[in-house]
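All heavy atoms count here, side chains included; hydrogens, waters and symmetry mates do not.
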Amino acid sequence: MSQYHRVHDGLRLTGYSFRNQRYRYTEWREITGATMKGDGPVHARELYDYEVDPQETKNMIENPAYETVLLGIQSQAAEVLAHYGIECH
């Protein structure tokens, strides 16, 4: 897991990225407390397929062909985030 911080539209966000050899999945979560921990609601998601898009130019998050992949990666991400005290809904 990698973490990135940014401000977007006045919201402080933390991006949690999970990558395997083929895919990268990122959740951008709102920072709700004094820490930089993005434990608030998810404001955006990204899914990139390195086999067909190694430059990350096309976010596949809305592509129904990736639904099974997305569910698997989200499940793995939820396990890792839970380890750090961040709940996934």
Side-chain angles (χ1 to χ4, degrees):
M1 175 179 74
S2 300
Q3 285 181 279
Y4 305 91
H5 304 288
R6 73 177 184 192
V7 176
H8 182 72
D9 290 338
L11 294 172
R12 296 180 335 152
L13 303 171
T14 298
Y16 295 104
S17 284
F18 303 87
R19 180 167 177 189
N20 61 29
Q21 289 227 269
R22 182 164 176 184
Y23 302 103
R24 180 175 68 83
Y25 171 72
T26 303
E27 288 186 356
W28 289 97
R29 294 174 159 266
E30 187 174 346
I31 298 168
T32 58
T35 68
M36 293 303 286
K37 188 176 183 181
D39 55 359
V42 175
H43 284 271
R45 291 183 172 94
E46 302 172 27
L47 178 66
Y48 297 101
D49 182 343
Y50 290 114
E51 190 171 287
V52 298
D53 181 23
Q55 300 301 313
E56 296 185 2
T57 60
K58 178 73 173 144
N59 185 357
M60 299 298 197
I61 203 74
E62 298 291 331
N63 185 329
Y66 287 84
E67 183 176 354
T68 301
V69 169
L70 181 59
L71 291 173
I73 291 175
Q74 284 178 319
S75 176
Q76 293 170 359
E79 287 181 28
V80 173
L81 291 173
H83 178 75
Y84 292 98
I86 300 169
E87 289 187 41
C88 296
H89 305 282

Joint cluster assignment, Leu11 & Trp28, ILVMFWY side-chain distance < 4.5 Å
yes
Give me the atom names and distance for the closest heavy-atom approach of Pro41 to Thr32.
CD-CG2, 4.4 Å
Inter-residue atom distance [X].[atom1] - [Y].[atom2], 0.5 Å rounding:
| X | Y | atom1 | atom2 | answer |
| --- | --- | --- | --- | --- |
| His43 | Arg12 | NE2 | CZ | 12.0 Å |
| Ile86 | Glu27 | CD1 | CD | 9.5 Å |
| Tyr66 | Ile73 | OH | CD1 | 10.5 Å |

Contact between [X] and [Y] at the side-chain level, heavy atoms closer than 4.5 Å - yes or no?
| X | Y | result |
| --- | --- | --- |
| Lys58 | Asn63 | no |
| Met60 | Val52 | yes |
| Leu47 | Asn59 | yes |
| Glu46 | Glu56 | no |
| Ile61 | Tyr25 | yes |

Tell me, yes or no, whether the heavy-atom count around His8 atom NE2, taken from other residues, nucleotides or ligands under 6.0 Å, exceeds 12.
no
When you look at OH of Tyr50, are more than 12 heavy atoms from neighbouring residues, nucleotides or ligands closer to it than 6.0 Å?
yes
Considering only NZ, NE, NH1 and NH2 on the basic side and carboxylate oxygens on the acidic side, decide whether Asp49 and Arg22 come within less than 4.0 Å.
yes
Under 3.5 Å, side chain of Arg29 to main-chain N/O of Thr14, donor-acceptor pair present?
no
Would you kindly say whether Arg24 and Thr26 are connected by a side-chain donor-acceptor distance under 3.5 Å?
yes
Donor-acceptor side-chain pairing of Tyr48 and Gln55 below 3.5 angstrom:
no
Quick one, Tyr16 with Val42, criterion side-chain contact (heavy atoms from CB on, under 4.5 Å). Give me CA distance, side-chain angles, the key distance, then yes/no.
CA-CA 10 Å; Tyr16 295 104; Val42 175; over 6 Å; no
